[in-house]
Amino acid sequence: MATIPIGADRTLAAVRAARRGYRVLRGLPIVPLAILALLAAVAVLAPVLAPHGKLDPVKPTREQCLAKYSTPDCPYVDNAPPFWAAGGRLDTPLGTDSLGRDELSRLMHGARISLIVALTGTLFAGAIGTLLGVLAGYMGRWWDEIIMRITDAWLTLPSLVFAILLSSVREPGLWNVVLILALVFWSRYSRAVRGEVLALRERDFVKLAEINGIGKLTIIWRHLIPNVMNTVMVLFSLQVGVAVIIEASLSFLGFGVPPPEPSWGLMMAQERESLMEGRWWLEVFPGACITMLVLSANMLGDWLRVHLDPQLRNR
Amino acid sequence: MKRYVLVRALYSVVTLWLLVTIIFGLVRLTGDPVAMKAEAGADPAYVAQLRHSWGLDQPLHRQYLGFVSRLLRGDFGHSFEKSLPVRDIYFERLPNSLKLGFAAFLFSLALGVPFGMLSALKVNSWWDSAGKMVALLGLSMPGFFVGLVLIIIFGIQLGWLPVLGKGPSAVVLGEPSTWITFWFRDWAHLVMPAFALGWYFSGAMLRITRSGMLDVLGSDYIKLVRLKGVPESVVVAKHALKNSLIPVLTFAGLNLLVMVNVAIVIEVIFNWPGVGQLLYDALSNRDFPMVQGVVLMSGLLIVVLNFTIDVLYGYVDPRIRLSR
Amino acid sequence: MVTLAFAILSALTLTCGIAWGQSAPSQARPILSGPLAKLAIKDAQVATSRGTPKGTLNIGLHFGIDPGWLDPLGYHGAALQFYYLVHDALIKPMPQGEFTYSLAERAEVSADFRRAAFRLRPGLRFQDGQLLTTADVKWTYENYRGLNFKYLQEKLEHIQVVDDRTIIFHFKEPFLDFLDLYNGSGSGIGWIVPRHYYERVGKDGFRARPMGAGPFKFVSQEAGVQVSVEAWDQYWRRAPGVKTINVKAIRDLAARMAGLETGELDVAYGMTGKLLQRVMADPKLRWNPNFTAPWHMVFPGYNEPSSPFHDQRVRQAVSLAINRAFLAKQETQGIAKPWGNWISHETRDALRGDGTDLPVPPYDPAKAKQLLAAAGYPNGFDFDWYVPFVPYFDMAERILNDLRAVGLRSKVQMLDAPAYMAQMSKGRKGFPGNRTIVQRIDPRPGGAKELIRLYAVCGGQASYICEPRIESLWAKHEASLDVAERDRLSREIQRVVIEGYYLVPIYLQPFVHAVTQKVLPEGEAVHRYWDTQNAPFPWPWEVWEVKG
Amino acid sequence: MASPLLEVHDVQKHFPIGGSLFGAKRALVKAVDGISFTIDTGETLGLVGESGCGKTTTSKLVLAAETPTAGRIEFEGRDVAQLKGPQRQDYRRKVQVVFQDPYSSLSPRMRVGDIIAEPVRAHERLSSADVRARVTELLELVGFRPDVARLFPHEFSGGQRQRLAIARALSTNARLVVLDEPVSALDVSIRAHIIALLESLQARLAVSYLFIAHDLAAVAHLSQRTAVMYLGKLVEVAESLELCARPLHPYTKALYAASLPSHPDEAREEIVLAGEVPSAIDPPRGCHFHPRCPFAMPRCLEQEPALVELSPGHRVACHLY
């Protein structure tokens, strides 16, 4: 039996891979990736980058106190405008909120909260949903019936309604929001994953593993889960955006991350009336941050959808 | 076919029952509504009487059985907070939600369909990107942000549009004439909330239109029409659009319901007395029957719609009947 | 405030032609035999010329409207203002006093507090034209199921209907609080419900379309959204000044502000907070602080020796650390009044906290630090939570900033209203651990003793205070039948509570309302509508007037 | 020869279909309706038939992926259905399979090394170094360099993949490999390679094959004996050469006619089949083949022919003989 000269093949393969890599790089959605990378960096480095603390008011100078309150000493100066407007200063470049805290620092720490909540929440949802979807699809019969009926019932609950309902079960807190997102969104995954697994189950490599006497759990872990990852990834990237919005909406309605933590949605809710007073920067900056994050997540999701899952392309 | 419909119906019933159970359980985990209503310092006898009149002194399984059996008779119970039957309050609010949802739907069509067509006709062009961007932006801006900005600009600064609620016209159940006038009056109140809500959905509309158009434009049928020498504008307007609007319209019913359901934030911001605001109020007051009623009604609508779609698809495509 | 009210009212008497009710012969005729308790019930004003209703008044409230609020039989302590629209009571709080004759023209309580008697005005009718008689009064009492109903039923021996206008309540034991509960604010039992109508339409029907003997006829409502009423020109006191009143629920402050600015609202409540400055700056609006009650802080776990708050010096340090003046400036544009009691100045028997009875609490962070060091906390300490009354979270953060400056560090625990209420009603168990501060406000009718009963004694429903000294004073108070001695004891307890720092008061909360130019009279005289003591919302409604 | 490695005794497999949610089951598909055969150590049995005749069900029965409705399958003298626990695992180790579609039988998300090692890891307690050594050995056995173990399946062509599948099947020293149409999805040029590989492996490892195909020609090369299946029944079993030279059953003859003749000069009776394979739900009475048989007699409509031994090792079920 002749050995096929796979070595030559592999040099070619390396060149091909490099070319493919370049093409992929060129086709990557650069703008959303850059925005996401920037936000992620800010989130991770917030304590280092932020010029001021997230909770404490910025200590004002004598002149500022005199200008605002006509006394030489005051605890803080609230509602300072951004640096380019009259009365603004470079020390607090995006102004201060009504408690005299630096808007920029809070936005930076807010990126942290938004990303943590959205990513971990979606991750947990993905994990639960994928697992249940695989179980339903692969174990079949009662597993399938029970899990899918629950999924169906779950899906009929509008997500925000459900999130609000859940959030009033427990006291608000960051990790509760994560839990809520996980509990709300898993059903999206389980439905999609189940369909995928139903198809996979009929593939030969799964049958082969069964005939080989490989345990069901091993099959699920080694064969099924890796193969539904594409679908899960696409869903994940699209859900992250939704999760950010839900988190912001929950916080805005007072059901989310409690103050004084600087969640963007909460910052907007707290300064909701400031917009009317002309202090637009307290409302527009967090709003823009949310929009930017969700927009880039959505763009990335769209791109992934086209590239990872041709079946989903037209949906 | 009969068996298929039966099975689907059974599934729907099971789904509804699960929904009922989930809601019942969840709502009861949210805390004690009596404490809310009685405040601190209420006399214990009154609290006990309140608890009794709301049926909260019974063991949980009795409450559950009572709840389910009343539901089967179409009785959603009395609102704790609003002291009237849940059903009456819900149906008083539903027209408001439908009006908002319908207007928002029109907005999403007006924004989504033309942009969707343009981007399908000129794939990867400037129009395509711009349309996608507008749609994605709508998906990415939180509703409360859009709402607040609209209120400030058009309500306060320019003073063009009213900002409070739906205006004086309302549906009066006993007077059918009000049902019609309700739809045509106070449209100025509708503009901002409908836009804020509709923008969010225009993205989905755009996508469906675009992919529908692309499918149709690529089909043999259109190629044939083109070969016959029909002018391109006619091809698009008459043949392609007509066919690609079918998925848009089938999607519409579902979308309208979804809109009614997701409108909470918009309704709260614009003080729109719809079902969403009702639910928000009920949740903030631990008004168990109201929460149960509203969520069940919205769930019921979705389940019924899903069932209808399943059955219709079953008629159209026999393979679906066999697959499950 | 009281003197101001009288000044304005006397002015009104001249300008509007409203005469003080004069003692008529029938009114003087006694009902009960034997010695009577001294009652301070004011006479009603009855218009000499009736006037004609005109114009529409749109009112924006900051909470949802419960149709149940139009049914006095289910009273649960909220939104008394709505009863003043459609219903009327025998006696009720009015601008001239907490007890004012309304449907009754005479009330008597026997000196042993075992009998109470009322005589109705002649010729009273419900809005549907049916006569209002003592049978309705009796039926209302017997069918009342709201707050305190059990207490009222247990005290009652029987009701004696003397004639269509005269009724006597006989009690099993001395019932000192009876008028507090019967004056329409402590319970709904004093508001007379038309028996014939209620029995015909049932509870739901009544709540959907209520009817009574008040100045306004119910027109329509959307549950939770809006109530519309129309003037009933047959009202006994006068014809209402406004033709139509729409009461709208608008939860969002910005939306209420926008409503005032666009003219969709004529009156809006709860204009406190971030938009207060805008309200003050708007030349088209008139506003009034309308102080309701003082904010105060409580220390749920202070009684346990392990609690840092067990030490009076720590509690005093908390009080000293709060920069009340700056807080008032930030939260309320400086209109809130720092106050030394947890009971409002408008409450009966209350000690004034503006320096007359109790000192205004000083701001002295240096001394606070000293006290903390003396108590063994030179570097301060972390405490578990700071739980603010919903939704005053900003205020809580500002106070926490002040506390942090002296070394007391914590986080805000943001509960939503039901959760907060539920925790409060659980008493000490609601806030487990002993390192929590709860911030509270309670504008409550019924005099200072009600707030003591609730907050300062061991058995109080929302009380975290349990001190033997207060207990013994309270026991004397409860045993006493002498009104003057009761007042003295009540004041003594208040002093003990404040001087022991068991409660730390902050400032009087301005519950600001704003009124547009449409509401008459022009100028600052418009605030006469809010002269009723201890009431955040104005009543009665029949005196309101707007530009047509 | 000693007792055969695999003995299949009169095995049946029926599937119920069309059962409603509440009502009784309505019909049975008799996918396998009483077949018997044996496979010796180191021997290859070819199993041939049109699609839908029950070949795949037979293979599933042998692989213990289905349990027979009736009858017995014995492996190394033990009833497969009775195997429990470690013995059943041992059976799973000793009986392996190679499927038709090489694109579907290798998990796209696993590295080649892991795919091959999977049965080893499942059945044998080996250190990871030993596993790697085994993989290397197997890869070399089927003609790859050991370093391809790190690659993913999508980097291989169909023929290469099928070799990987074979390596996997042999990874646990299987005694019997079920080859379920292993070459039908491949280019004709590759087929010979694979067949040759299988042949050499059998020579080296003394493994038995159950070679399933719809094409007699493919089977003839590799298998010593061939069984022909029609509608759930065996119609003819013989030595491959014997069958090739002297097909008796009209169906076998037709199959030969359909495939290319192995010698162009050889003259043979040509039978062209008419019609389709009848439904297994409602098979014809009597001989299942009679509706399509050019030699059908009245008796064929009534009576089912039994499998009778005409000459040593050559059995046929037909009323003609």
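Chain letters run A, B, ... following the sequence lines, proteins first, then strands; residues in each count from 1.
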Just wondering, are more than 12 heavy atoms of other shown residues or ligands nearer than 6.0 Å to CZ in A:Phe124?
no
Pairs flagged by side-chain hydrogen bond (donor to acceptor under 3.5 Å, both in side chains) wherever residues 244-258 of chain A is involved - sequence neighbours left out
A:Glu247-A:Ser251, A:Glu247-A:Ser263, A:Ser251-A:Ser263
How long is the straight-line distance from CE of A:Met299 back to OG of B:Ser140, given to the nearest 0.5 Å?
9.0 Å
Beyond-backbone contact of A:Val294 with B:Leu139, side-chain heavy atoms, under 4.5 angstrom
no
A:Leu295 CG to B:Met133 CE distance, which is reported to the nearest 0.5 Å:
4.0 Å
Going by salt bridge (charged side-chain N to carboxylate O under 4.0 Å, His left out), name the residues that satisfy it together with A:Glu261, two or more places apart in sequence or in a different chain.
A:Lys54
Under a 4.5 Å heavy-atom cut-off, does chain B meet the side chain of A:Ala269, its backbone, both or neither?
neither
Minimal heavy-atom distance between B:Thr15 and A:Arg149, with the atoms involved, is OG1-NE, 3.9 Å
Would you give the length of the straight line joining atom CG of B:Leu148 to atom CZ of A:Phe252, rounded to the nearest 0.5 angstrom?
5.0 Å
A:Glu145 side chain near B:Tyr11 side chain, heavy-atom distance below 4.5 Å
yes
Heavy-atom distances under 4.5 Å only: say whether B:Leu137 touches chain A with side chain, backbone, both or neither.
both
Value rounded to 0.5 Å, distance of CD1 in A:Ile245 from CZ in B:Phe145:
11.0 Å
Interatomic distance, A:Thr291 atom OG1 to B:Leu136 atom CG [nearest 0.5 angstrom]:
12.0 Å
Taking atom CD1 of A:Ile150 and atom CG of B:Leu19, what is their separation to the nearest 0.5 Å?
12.0 Å
I'd like to check B:Phe144 versus A:Leu253 (side-chain heavy atoms, cut-off strictly below 4.5 Å). Are they in contact?
no
Chain A heavy atoms under 4.5 Å from B:Val20: which part of the residue, side chain, backbone, both or neither?
neither
Examine whether an atom of B:Ile269 lies under 4.5 Å from a heavy atom of chain A, and if so say whether it belongs to the side chain, the backbone or both; otherwise answer neither.
both
